[in-house]
Protein chains: 2
Amino acid sequence: MGKRKENSTNSLNESYIVESCDLTYAICKIGGRWKLLILCRLENGKLRFSELRNQITGITERMLTLQLRELEKEGLITRTVHAEVPPRVDYELTDIALELVPIWKQLSQWGAKHKNRVPKQ
Amino acid sequence: MGKRKENSTNSLNESYIVESCDLTYAICKIGGRWKLLILCRLENGKLRFSELRNQITGITERMLTLQLRELEKEGLITRTVHAEVPPRVDYELTDIALELVPIWKQLSQWGAKHKNRVPKQ
DNA sequence: CCCATTACTTACAAATTTGTTTGTACCGCA
DNA sequence: TGCGGTACAAACAAATTTGTAAGTAATGGG
């Protein structure tokens with residue numbers, strides 16, 4: 001995501017909020033437009049870059065790369081490079097990410113329910 | 001948050017993604033930096049604007065207003081204005097928002113756990 | 001009349017996120 | 001030699017989100 005300004009109000013705010021609230025911490029890790037979508041896809045096992053790209057509608061290669069990098073840094077996925085040509089790389093959920101599965105399932109159910117209840121707009 | 005460009009790639013993407021995935025739909029509703037923090041505070045009953053502002057470190061009045069408006073539009077909170085001077089307004093979770101409570105509790109627990117497991121950064 | 005209080009609104013500016021386009025390395029194949 | 005496939009990276013541009021600073025209305029109290 002490019003670097004952030006170290007001392008922007010945003011950054012200061014964020015670090016402050018994060019350290020004082022586990023929930024916000026979690027949201028920071030898995031929030032944003034793509035992260036959960038990516039994790040979701042990996043729910044049933046490894047996938048390679050191109051598979052993710054094809055399965056996630058609307059994502060660009062750049063975004064996929066960026067998000068994968070972040071997820072890796074946060075310890076939510078592992079990245080395995082196979083020394084072949086053409087290159088092959090695959091991604092897999094870590095244990096800690098697997099613990100999120102029930103959560104995103106519930107959230108998904110809630111989403112479905114909410115979608116029906118507030119269809120106007 | 002100000003209007004969005006109707007036909008930006010972002011918007012198109014978002015609506016597409018949202019309609020095809022309940023999870024992303026949910027994330028759209030409660031994602032972002034402040035929404036869950038606000039909902040959290042309301043977990044134990046109504047609060048007025050100033051109470052929210054004081055309890056949520058780092059939020060500005062503008063952000064609080066904007067987020068509250070969105071949450072209201074999405075049917076997650078109700079807004080009650082008391083015809084007094086100085087004004088008094090309070091906010092309360094709706095039923096559908098209450099259904100999120102267990103989810104954010106789990107997420108919070110996960111956050112706490114993750115925080116300890118990946119302290120390096 | 002002046003001030004304080006509350007819950008905002010508005011205009012503007014800065015920061016952050018996302019997208020577009022082009023390019024890279026490697027090898028095998030025609 | 002040129003092309004194709006894979007998994008990216010870099011430069012740049014646009015969109016979106018967040019923050020700052022300054023109002024506003026209504027009214028009771030001094």
Side-chain angles (χ1 to χ4, degrees), chain A residues 1-18 24 27-28 30-35 37-38 46-72 77 79-91, chain B residues 1-18 24 27-28 30-35 37-38 46-72 77 79-91:
Chain A
M1 339 267 310
K3 288 155 207 148
R4 287 173 144 219
K5 270 211 165 171
E6 283 288 299
N7 275 80
S8 63
T9 314
N10 269 345
S11 292
L12 294 176
N13 248 355
E14 195 167 322
S15 55
Y16 188 76
I17 293 164
V18 163
T24 313
I27 289 291
C28 282
I30 62 168
R33 187 136 147 209
W34 302 110
K35 291 214 181 122
L37 273 183
I38 295 171
K46 310 182 176 193
L47 288 180
R48 50 192 300 194
F49 186 84
S50 53
E51 294 173 314
L52 285 170
R53 184 194 51 200
N54 296 333
Q55 288 185 30
I56 301 175
T57 33
I59 201 166
T60 60
E61 296 201 330
R62 176 176 144 77
M63 275 301 117
L64 185 52
T65 305
L66 287 172
Q67 302 298 312
L68 287 170
R69 289 283 177 283
E70 282 194 36
L71 290 170
E72 196 194 351
I77 59 175
R79 177 171 181 265
T80 313
V81 183
H82 301 274
E84 304 171 1
V85 168
R88 185 159 66 91
V89 179
D90 48 38
Y91 297 91
Chain B
M1 330 235 80
K3 289 151 207 150
R4 285 171 144 225
K5 270 209 165 174
E6 284 288 297
N7 276 80
S8 62
T9 313
N10 269 345
S11 292
L12 294 176
N13 247 356
E14 195 168 320
S15 55
Y16 190 76
I17 293 163
V18 163
T24 314
I27 289 292
C28 281
I30 61 168
R33 188 137 148 208
W34 302 111
K35 292 216 180 121
L37 273 183
I38 295 170
K46 311 181 176 191
L47 287 180
R48 50 192 301 195
F49 186 85
S50 52
E51 293 173 315
L52 285 169
R53 184 194 52 201
N54 296 332
Q55 288 186 29
I56 302 174
T57 34
I59 202 167
T60 60
E61 296 200 331
R62 176 176 142 76
M63 275 302 117
L64 185 52
T65 306
L66 287 171
Q67 303 297 313
L68 287 170
R69 288 282 178 282
E70 282 194 36
L71 290 170
E72 195 193 351
I77 58 174
R79 177 170 180 267
T80 313
V81 183
H82 302 273
E84 305 171 0
V85 168
R88 184 159 66 93
V89 179
D90 49 37
Y91 297 91

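Small disclaimer: the values here were computed from a predicted structure and weren't measured. Note on naming: letters A, B, ... go to the chains in the order of the sequence lines (proteins, then strands), and numbering restarts at 1 for each one.
- Between A:Tyr91 and D:dA7 there is no side-chain N or O to OP1 or OP2 distance below 4.0 Å.
- Picking from C:dC27, C:dC8, D:dT6 the nucleotide with the shortest atom distance to the side chain of B:Glu61 gives C:dC8.
- Rounded to an integer number of Å, the gap from A:Glu51 CD to D:dA7 P is 8 Å.
- Separating the CD1 atom of B:Ile77 from the P atom of C:dA7 is a distance of 14 Å, rounded to the nearest angstrom.
- Taking atom CG of B:Leu68 as the reference point, atom C1' of C:dC8 lies 11 Å away to the nearest angstrom.
- Proximity of B:Arg33 to the phosphate of C:dA15: no side-chain N or O atom is located under 4.0 Å from OP1 or OP2.
- Here the CZ-CG distance, from B:Arg53 to B:Leu68, works out to 12.0 Å after rounding to the nearest 0.5 Å.
- Nucleic acid contact class of B:Arg53 (heavy atoms, under 4.0 Å, all strands): none.
- Within the model, atoms CE of B:Met63 and CD1 of B:Ile56 stand 12.5 Å from one another, a figure rounded to the nearest 0.5 Å.
- Contact between the side-chain N/O atoms of B:Arg69 and the OP1/OP2 oxygens of C:dT9 is found at a separation under 4.0 Å.
- Look at A:Ser50 and you'll find a side-chain N or O under 4.0 angstrom from OP1 or OP2 of D:dA7.
- To the nearest 0.5 Å, the span separating CD on A:Glu70 from OG1 on A:Thr65 amounts to 12.0 Å.
- Put simply, CH2 on B:Trp34 is 15 Å from C1' on C:dT16, counting in whole angstrom units.
- Atom CZ in A:Arg48 sits about 7 Å away from atom C1' in D:dT6, given to the nearest Å.
- Residue B:Asn13 places no side-chain N or O under 4.0 Å from the OP1 or OP2 atom of C:dT18.
- As rounded to whole Å, 13 Å separates atom C1' of C:dG19 from atom CD of A:Gln67.
- At the phosphate of C:dT16, OP1 or OP2 sits under 4.0 Å from a side-chain N or O atom of A:Ser11.
- When each of A:Thr65 and A:Thr9 is assigned the nucleotide of DNA chain D with its nearest heavy atom, A:Thr65 is the one assigned upstream, toward the 5' end.
- Computed from coordinates, the B:Ile38 CD1 to C:dA7 P distance equals 14 Å when rounded to whole Å.
- Residue A:Asn10 places none of its side-chain N or O atoms closer than 4.0 Å to OP1 or OP2 of C:dA14.
- For the atom pair CG (B:Leu66) and CG (B:Leu71), the distance works out to 11.0 Å, reported to the nearest 0.5 Å.
- Close to D:dT17, at under 4.0 Å from its OP1 or OP2, lies no side-chain N or O of B:Arg62.
- In this structure, the CG atom of B:Leu47 is 11 Å from the P atom of C:dA7, given to the nearest Å.
- Put simply, A:Thr60 has no side-chain N or O that comes within less than 4.0 Å of OP1 or OP2 on C:dT18.
- For D:dA26, the OP1/OP2 oxygens have no side-chain nitrogen or oxygen of B:Arg88 closer than 4.0 Å.
- A donor-acceptor contact shorter than 3.5 Å links the side chain of A:Glu51 to the backbone of A:Arg48.
- Of the candidate nucleotides C:dT6, D:dA26, D:dC8, D:dC8 has the atom nearest to the side chain of A:Val89.
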| task | Show your reasoning for whether side chain to side chain contact (heavy atoms under 4.5 Å, CB included) applies to A:Asn10 and B:Arg33. | result | CA-CA 10 Å; A:Asn10 269 345; B:Arg33 188 137 148 208; 3.2 Å; yes
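- With the nearest nucleotide of DNA chain C identified for both B:Pro87 and A:Pro87, B:Pro87 has the one nearer the 5' end.
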